J.: 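The structure's right below; bear with me while I get my questions together.
Owing to the predicted nature of the structure, the values given are computational and were not obtained by experimental measurement. Because only heavy atoms are used, hydrogens play no part in the values below, and waters and symmetry mates are left out as well, while side chains stay in. Letters A, B, ... mirror the listed sequences (proteins, then strands); counts begin at 1.
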Amino acid sequence: MRIAYEQILSALSRCLAERGFEGLEAQLSAIEEPRPWGVSSNVCFTLAPRIAASRIEAASAGLSKAEAKKLAIDLGREAGVQLASELALELQQLCSQGCFPYIERVEAEGPYLNFYYDAAALAHMITGTVRVMDERFGQGICSGMQPGDECYRGYDCMPRRIMVEYAQPNTHKDFHVGHLRNASIGQAIANLLEFQGHTVYKATYLGDVGLHVAKAMWGAAHAQELGVAPAASDAPQDRLAFWGRCYKAANARFEAEGGEAVQAEVRAWLAHWEEGSVEARSQWQSSRDECDRAFRDIFAELLVDFTADPNCWFYESIVDDTRLGQKTAEELKRRGIAQVDESEKYAGSLYVHFEEHLGRLLPGEIRARETALGRELREGERAELEAQLGKTLRRLGKMVILRSDGTSLYQTKELGLAKHKFDLVREKTGEPLAESLYVVGAEQKLYFEQVFSILKLWGFPNAENCRHISYELVVLPEGKMSSREGTVVSYRELKDEAVRRAEEIIREKGLITEEQQIQETARKVALAAIKFTMLQVGGNQQIVFDFEQALSFDGRAAPYLQYAYARAGKLTAGASLEQGGNGIQPTAVHELHASEIALARWLSSFPSVCQTAAERFEPAGLCNYLYSLAAAFSDFYRDCRVIDAPQPERAFRQGLCEAFRTVLRTGFRLLALPLPEAM
RNA sequence: GCGCCCGUAGCUCAGUGGAUAGAGCAUCAGUCUUCUAAACUGAUGGUCGCAGGUUCGAUCCCUGCCGGGCGCGCCA
């Protein structure tokens, strides 16, 4: 809420100017509960030492250092308190004249200068605004702006084209809870960026070729002797699970002692595939497509979707077949960025030795720094920057970008695809892609630094706009999950159990009777619950997966929010909201309950929560906010009657409930969580 | 060895350069003839890993240390 901010700030700086403090950048921050609704300035803290300076100097003559310091602190504090009370008095006068919209009183509390809202009026205003804005409430302020327009806040929030790549599962392997975290975070980030007004291309990249596929194919061919259970049915999920079992079993043989024969067969198959053997290709194609279908079903269920035009569903095999990677590697060699390895072991491979290219990167770094500073760098600063860059490049070491046998590595393809993404958007839309984001686990941090650095060396114009959005992994109590060792928690297993438990509770409650609705609701509750578990933890926090905890439907979990939403729905059902006029002007002012004000107060911070979440690429903040919002609703529900309340309370409260539902609905949409109407 | 991330209540996690550090779970005691008890109320529980520094003010920023996770050329 930025109501009255500008008026307050300009009045405040006038008052300060009168006292000889010109050009001060005062700031206002929201006052936190349980204090009343308002904003606060801390200028008196920062100014206090300056005001007291002369007095301190006079008084501290002859005192020891420690004594003088203590005295200075005391005098400073005193001065701060006094300044705050003087300012409060002056500003209160302006406030009484109605200079600050929605501000009711100005008070000093110690050195804090507090501006308190007329809570009732503001609560009416918020409720009405949400009603009018509806699903657009909270949208980025720059959404809808045209290139060239200037954002009045000066933020870098101009709408631009952004590609986000996430949920990159490998075919022929199980989809597990680690993928669930990635897909949940990625989709939420994409939605949040869209809500800020950006054009977002949602991309995924499927690992549908490579050694793991060859292993799975070998496993399927030897399924019987390996004791791999056949697929329970032809359904995509069962087929995917089957391929996962084949992979795991084959891998065990592959890595076992005396596995040379298996290794040879697996590699032979891969070689056939690469040569384009019709048999290998058709085996691969049909199995790949089975996994593909299973993934599409899972994504649909998770409300995860990818851009169809231009098609951002990328296959590793396509990158392979078009030799995008090899072409890139050749190009890098031609430009002298990559060099040929001449060691006996790796003869013929190509690698980039970052440290050797300092001179190539330095001018760009200097330019970037100068742009940021708005001036030229001094000699010393240049040297420092150079030293810094040297250190970074040393840390990056070397990266191999082509195997000695000429086949491509993962990074070879990554380089090719990175460029392709920019080309694709330009070709399709005629507009440049401004940013390319990769939602990938933190274990790949170095890898992406290396890849992006190679892009920079390549002279790729958008290299600095590629960004790794990293998050820590989901691990098991006994350690890292590994499809190879089969130590994963399958997404399907988790989901099935979650749905089963949700259904049980719904049947117990008996509020929903229609069978189809029971199942549909159970699915929505279960999916939201498991996704919320993944989303509410910050990205830099590792998740130690606990099955029971992930399935919790109590407390700080998605069902709590859904439950609040369903309850609120009952209170507004059939209500004629028109009764409250446009809602922005209070129809009649009644004494508001603290819980009503608290709820409106939470509603008011939704826009800034969305903005922060988008800026930080961190959906967890929105999760926490929505939980607090729902908790505020629960308080309101406990304290205030709605349906049987007299007017005008009833109209206002129903409007408040409706506003709560709108914000929660939007929040769920952004987080890609399903939301049942009743439960 | 070097680099990145984490360390906050018994457990899982929020949090912010500012006012008395918060939730959930667990434990204990309560609340359904009153708009859905997947809820609500209360109690218990903290040297914010340790030690310095910057600051009027540090859990937050800086430095060092300790503990845990991850990464560091032919895997993806």
Side-chain angles (χ1 to χ4, degrees), chain A residues 29 31-32 34-35 40 42 44-49 52 72-77 79-80 109-112 114 168 170 207 210-212 316 341 345-346 349-353 392 394-405 407 409-411 413-414 441-447 449-450 470-473 475 479-480 484 502 505-506 508-509 511 525 529 533 536-544 546 548-549 552-560 562-564 566-573 620-621 623-624 627-628 631 634-635 637-645 657 678-679:
Chain A
S29 55
I31 295 173
E32 289 188 23
R35 281 162 205 287
S40 174
N42 61 0
C44 300
F45 282 101
T46 45
L47 248 33
I73 291 173
D74 287 346
L75 287 175
R77 193 161 292 155
E109 282 170 63
Y112 286 97
N114 294 339
Q168 310 90 334
N170 283 333
L211 204 55
H212 77 276
E316 195 176 333
D341 196 316
K345 195 173 172 193
Y346 298 131
S349 70
L350 284 180
Y351 69 92
V352 177
H353 190 187
T392 305
R394 258 193 304 285
R395 187 167 54 76
L396 294 185
K398 298 176 186 172
M399 181 176 238
V400 180
I401 59 163
L402 198 66
R403 285 201 188 93
S404 33
D405 64 3
T407 57
L409 287 124
Y410 197 75
Q411 49 264 41
K413 300 171 211 175
E414 190 82 87
E443 53 179 0
Q444 313 245 28
K445 221 163 186 169
L446 176 62
Y447 165 84
E449 276 185 75
Q450 291 173 325
S470 88
Y471 65 92
E472 294 289 335
L473 295 187
V475 300
K480 206 171 157 178
R484 226 172 44 195
I505 295 171
I506 294 167
E508 251 170 47
K509 292 188 72 167
L511 277 164
V525 170
T533 314
Q536 68 166 329
V537 177
N540 49 16
Q541 195 77 241
Q542 192 176 62
I543 295 181
V544 180
D546 182 295
E548 289 304 316
Q549 206 178 305
S552 169
F553 295 161
D554 297 322
R556 205 179 184 84
Y560 178 90
Q562 295 175 320
Y563 179 65
R567 279 166 134 188
K570 275 286 179 60
L571 306 185
T572 56
C623 291
N624 293 326
Y627 175 76
S628 304
S634 293
D635 289 343
Y637 188 88
R638 177 196 62 217
D639 295 332
C640 303
R641 303 294 305 174
V642 176
I643 288 176
D644 45 14
C657 288
M679 61 189 281

J.: What's the CD-P distance between A:Glu443 and B:rC70, to the nearest Å?
T.: 10 Å
J.: Would one find a side-chain N or O of A:Asn624 under 4.0 angstrom from OP1 or OP2 of B:rA14?
T.: no
J.: Atom CG of A:Asp405 and atom C1' of B:rG73: how far apart are they, to the nearest Å?
T.: 15 Å
J.: Of all residues at least two apart in sequence or in a different chain, which pass the ring pair (Phe, Tyr, Trp, His ring centres under 6.0 Å) check with A:Tyr447?
T.: none
J.: My validator wants the stems of RNA chain B: runs of 3 or more consecutive Watson-Crick or G-U pairs, both distances under 3.5 Å, written as range with range.
T.: B:1-7 with B:66-72, B:10-13 with B:22-25, B:27-31 with B:39-43, B:49-53 with B:61-65
J.: Taking the P atom in each of B:rA37 and B:rC32, what is the distance between them to the nearest angstrom?
T.: 12 Å
J.: Reading nucleotides 19-34 of chain B 5' to 3', which nucleotides get B (base under 4.0 Å from a protein heavy atom), which S (sugar-phosphate only), which -?
T.: B---SSS--------S
J.: Just compare B:rA76, B:rC72, B:rC40 and give me whichever is closest to any side-chain atom of A:Leu446.
T.: B:rC72
J.: Send over the distance from A:Arg77 CZ to B:rC56 P, rounded to a whole Å.
T.: 11 Å
J.: In whole Å, I'd like the distance from the CZ atom of A:Arg567 to the C1' atom of B:rA39.
T.: 5 Å
J.: Using the C1' atom on both, measure B:rU20 against B:rU59 and round to a whole Å.
T.: 15 Å
J.: Please pick, from B:rC40, B:rC56, B:rA14, the nucleotide with the shortest atom-to-atom distance to any side-chain atom of A:Pro49.
T.: B:rC56
